Amino acid sequence: MPVPPTAPHSGATPRGRRRSRALGFAALAVSLLMAVPTAQTAFGEEARDGQEIQAVPGGGDLGPNVHVFDPSTPGIQGKVDEIFRKQESAQFGLDRHALLFKPGTYDDINAQIGFYTSIAGLGLHPNDTTFNGDVTVDAGWFDGNATQNFWRSAENLTLNPVNGTNRWAVSQAAPFRRMHVKGGLNLAPDGYGWASGGYIADSKIDGEVGPYSQQQWYTRDSSVGGWTNGVWNMTFSGVEGAPANSFPEPPYTTLDTTPISREKPFLYLDGDDYKVFVPQKRENARGVSWADGTPPGESIPLDQFYVVKEGADAATINAAVEQGLHLLFTPGVYHVDETITIDRPDTVALGIGLATIIPDNGVTAIKVGDVDGVKLAGLLVDAGPVNSETLIEVGPQGASADHAANPTSLQDVFVRIGGAGPGKATTSIVVNSDDVIIDHTWVWRADHGEGWGWETNRADYGVRVNGDDVLATGLFVEHFNKYDVEWYGERGRTIFFQNEKAYDAPNQEAIQNGDTKGYAAYRVDDSVEQHEGWGMGSYCYYNVDPTIVQEHGFKAPVKPGVKFHHLIVVSLGGNGQFEHVINDIGAPTSGTETVPSQVVNFP
């Protein structure tokens with residue numbers, strides 16, 4: 001087994017209220033009244049901001065950055081290799097690509113996946129599209145260090161790996177969803193260099209999964225043939241074949257089921273027609289959703305989507321939603337000078353190929369109303385140079401409707417502040433609505449690239465949750481100037497949390513929080529009565545001033561209903577120290593070795 005890594009990757013108003021379920025009937029009535037037809041051109045011309053605009057057409061082609069293959073397509077390997085050569089090290093580039101494979105069998109293929117590249121099968125079932133070959137991520141571009149292998153994805157394919165094991169050496173924002181690997185899965189780079197954690201969901205790996213040098217990992221609602229080891233924090237929920245709960249030695253946190261989940265919508269072909277499949281919500285899920293065939297859900301024809309292509313503006317996007325269309329963002333970079341507003345229940349806003357939205361002039365990129373069942377998925381929001389108060393808002397301040405039967409979900413929705421250039425935002429994601437599912441998000445204030453520095457890409461808060469009954473499965477939030485996560489809503493739950501405090505703090509004074517040394521990575525407000533978390537870690541690497549002391553990684557009220565299972569803090573190479581794990585509880589980190597300090601349960 002490789003030696004655990006000793007250095008890291010480079011990696012609105014709180015309400016604290018408790019909801020009355022009686023509001024559910026009112027919310028249902030509002031939902032029914034707000035329902036509108038979804039058709040290709042819906043209502044024809046309509047007035048918007050005092051101007052007549054032409055109805056936005058639904059459907060159409062998928063644009064130049066979507067590459068569609070079938071088994072008879074000539075030169076598949078050459079085309080895949082060409083895109084990889086462009087994207088292998090283009091960490092902050094502007095190109096975006098989706099590689100889509102029609103149902104069938106593809107022989108002798110090795111699809112290497114670089115930055116801003118998504119690969120997916122176009123079947124309704126993962127076994128509809130089979131590679132006798134591999135879908136590979138390695139770290140040759142970065143001298144065998146996989147800690148910056150971000151922003152890519154693989155979905156809806158079956159793999160027969162050439163040597164029996166597929167390599168997927170990634171870190172944050174690189175989901176592996178709805179995949180069937182007829183062999184093993186290696187999550188470490190060739191040579192077992194550093195790797196910094198990732199995410200698997202709704203996937204079946206027949207053989208053994210080897211994380212090796214992976215520092216942390218979250219696997220949800222899947223099936224594995226075995227799991228070999230763990231470094232700091234390996235968390236599983238609803239995973240058949242997962243190792244037994246054994247934290248901290250080995251560091252496995254295992255939940256038999258996932259309390260609530262809904263798989264990510266995906267594009268597929270029904271004959272010659274593109275559709276988007278939207279899976280239904282599952283409760284107490286275990287194993288893949290597709291084990292017995294097509295899971296319950298809804299198929300939506302592409303002509304009920306506005307197919308967003310580069311050059312589209314926010315006014316047109318909003319007009320499409322208003323007239324009843326869903327949104328399919330094709331691979332590209334989209335500047336918006338007004339907020340994309342989604343106030344219609346059950347709207348799907350799906351990005352492919354790491355579609356990227358940049359708010360101009362300090363606007364909020366996306367706002368979702370306090371309505372049922374909105375699905376945001378597959379989007380990267382990149383902060384602009386003018387400070388935005390928020391980048392994504394789910395529900396308005398004071399939202400109170402009951403969405404338990406049909407929650408809004410955010411899946412593979414990523415936020416970046418700096419790195420690709422100067423960017424600022426006060427709070428990245430604010431969740432005001434109740435019952436929201438946050439399923440795999442990486443909210444990142446940059447610590448490398450362009451346009452970063454303690455004040456250059458200032459971003460005080462990462463995720464703020466005001467809504468009740470919000471569930472986060474796979475919450476990655478890093479490097480914010482103050483609190484990375486703040487939770488004010490009741491009955492919140494987080495399964496797996498990965499955090500690093502901001503590397504670039506210039507001194508102790510810069511992070512001082514009144515009488516407290518530093519801001520906690522994850523703070524539950526004192527007003528909260530019930531909250532629970534499993535498999536959660538915070539790491540510090542204060543390389544600008546290694547003498548900085550962080551009082552604790554976590555802060556929460558000491559109440560019977562507030563519980564944490566398997567918390568960990570780590571000082572990376574002794575660059576900065578934690579005095580405690582949560583509140584004033586837990587042993588300190590100390591010295592120059594990368595040694596974790598654990599608290600098994602709180603309180």
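Bear in mind the structure is a predicted one, so any value in this text is a computation, not a measurement.
For the pair R523 and F554, the NZ or CZ position fails the cation-pi test of under 6.0 Å to the six-membered ring centre and within 45 degrees of the ring normal. The side-chain tip of R416 does not point at the ring of W442 from less than 6.0 angstrom away and within 45° of straight on. Figure legend: R445 and F480 shown without cation-pi pairing, the cationic atom not lying both under 6.0 angstrom from the six-membered ring centre and within 45 degrees of its axis.
The closest side-chain donor-acceptor pair between S597 and T589, if any, does not fall under 3.5 angstrom. Side-chain contact check for H479 and D484: no donor-acceptor pair (N or O, by modelled atom type) lies under 3.5 Å. Between the side chains of T516 and E551, no donor N or O sits under 3.5 Å from an acceptor N or O. No side-chain donor-acceptor contact under 3.5 Å links D370 and N432. Side-chain contact, Q216 with Y539: a donor N or O sits under 3.5 Å from an acceptor N or O. There is a side-chain donor-acceptor pair under 3.5 Å between N513 and Y483. A donor-acceptor contact closer than 3.5 angstrom links the side chains of D412 and H440. For the residue pair E478/Q498, the side-chain donor-acceptor check at 3.5 Å is satisfied. Of the N and O atoms on the side chains of S433 and D435, not one donor lies less than 3.5 Å from an acceptor on the other residue. In the model, N543 has no side-chain atom that pairs as donor or acceptor with a side-chain atom of N575 under 3.5 Å. Looking at S538 and N499, their side chains do bring a donor and an acceptor atom within 3.5 Å of each other. For the residue pair H448 and Q91, a side-chain donor N or O sits within less than 3.5 Å of a side-chain acceptor on the partner. Between R177 and S153, the side chains place no donor N or O within less than 3.5 Å of an acceptor N or O (distance only, hydrogens not considered). Looking only at atom types and distance, the side chain of T426 has no donor-acceptor partner in the side chain of D460 under 3.5 Å away. S237 and T258 are linked by a side-chain donor-acceptor pair at a separation below 3.5 angstrom, with hydrogens and angles left out of the test. Judged purely by distance below 3.5 Å, without hydrogens or angles, the side chains of E338 and N318 pair a donor atom with an acceptor atom.
You'll find the side chain of I392 stays beyond 4.5 Å of the side chain of T390, heavy atoms only. Side chains of M234 and T253 form no contact here, defined as non-hydrogen atoms less than 4.5 Å apart. Within the 4.5 Å cutoff, the side chain of V470 has no heavy atoms near those of the D434 side chain. Residues I568 and F247 are in side-chain contact: their nearest non-hydrogen atoms beyond the backbone lie under 4.5 Å apart. Counting only heavy atoms from C-beta outward, the side chains of D337 and V363 never approach each other to under 4.5 Å. Looking only at side-chain heavy atoms (C-beta outward), V336 and D360 stay at 4.5 Å or farther from each other. The side-chain heavy atoms of I495 and Y218, taken from C-beta on, include a pair separated by under 4.5 Å. V549 places a side-chain heavy atom less than 4.5 Å from the side chain of E579.
With ring centers used as reference points, F578 lies 6.0 Å or more from H552. The six-membered or imidazole ring of F414 lies away from that of F476, with a centre-to-centre distance of 6.0 Å or more. Checked against the 6.0 Å centroid criterion, the rings of F329 and Y334 qualify as a close aromatic pair. With ring centers used as reference points, F602 lies 6.0 Å or more from H531. The aromatic ring centres of W232 and W217 sit 6.0 Å or more apart. Here Y522 and F497 bring their ring centres to under 6.0 angstrom of each other.
Scanning both residues, P251 and V231, for their nearest heavy atoms gives CG-O, 3.6 Å. Nearest approach of G576 to Y542, heavy atoms of both residues: CA-CD1, 4.0 Å. Contact between D402 and A404 at its shortest, heavy atoms only, is OD1-N, 2.9 Å. Across every non-hydrogen atom of P295 and S289, the tightest pair is CB-O, 3.2 Å. Here the closest non-hydrogen pair linking D382 and A420 is OD2-CB, 3.8 Å. Closest of all the heavy-atom pairs between V374 and R344 is CG2-O, 3.7 Å.
The OG1 atom of T339 lies 8.0 Å from the CD atom of E393; values are rounded to the nearest 0.5 Å. Atom CZ of residue R220 and atom CD1 of residue I200 lie 11.5 Å apart, to the nearest 0.5 angstrom. Of the inter-residue distances, the one linking L354 atom CG with Y116 atom OH reads 7.5 Å to the nearest 0.5 angstrom. In this structure, W452 CH2 and N457 CG are separated by 8.5 Å, a value rounded to the nearest 0.5 Å. Atom CD1 of I429 and atom CG of L391 lie 8.0 Å apart (nearest 0.5 Å).
Looking only at distances, no side-chain donor or acceptor of T427 sits under 3.5 Å from a matching main-chain atom of Y461. Between the Q214 side chain and the G197 main chain, a donor and an acceptor come within less than 3.5 Å of each other. Although no hydrogens or angles enter the test, the distance criterion places a donor-acceptor pair under 3.5 Å between the side chain of D525 and the main chain of S527.
Note on R491 versus E529: no salt bridge recorded, every NZ/NE/NH1/NH2 to OD/OE distance being 4.0 Å or above. Salt bridge present: R464 and E486 bring a charged side-chain N and a carboxylate O closer than 4.0 Å. Of the charged side-chain nitrogens involved, none lies within less than 4.0 Å of a carboxylate oxygen, so that E263 and K375 do not count as a salt-bridged pair. Classification of R262 and D439 as a salt-bridged pair fails, no side-chain N sitting under 4.0 Å from a carboxylate O.
Taking the six-membered ring for Trp and thresholds of 30 and 60 degrees, F266 and F277 have ring planes inclined between 30 and 60 degrees apart.
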Checking K555 against D584 for the salt bridge (charged side-chain N to carboxylate O under 4.0 Å, His left out) test, could you report, in this order, the C-alpha distance in whole Å, the side-chain angles of both residues, the deciding distance, and whether it holds?
CA-CA 9 Å; K555 185 177 187 301; D584 59 356; over 6 Å; no
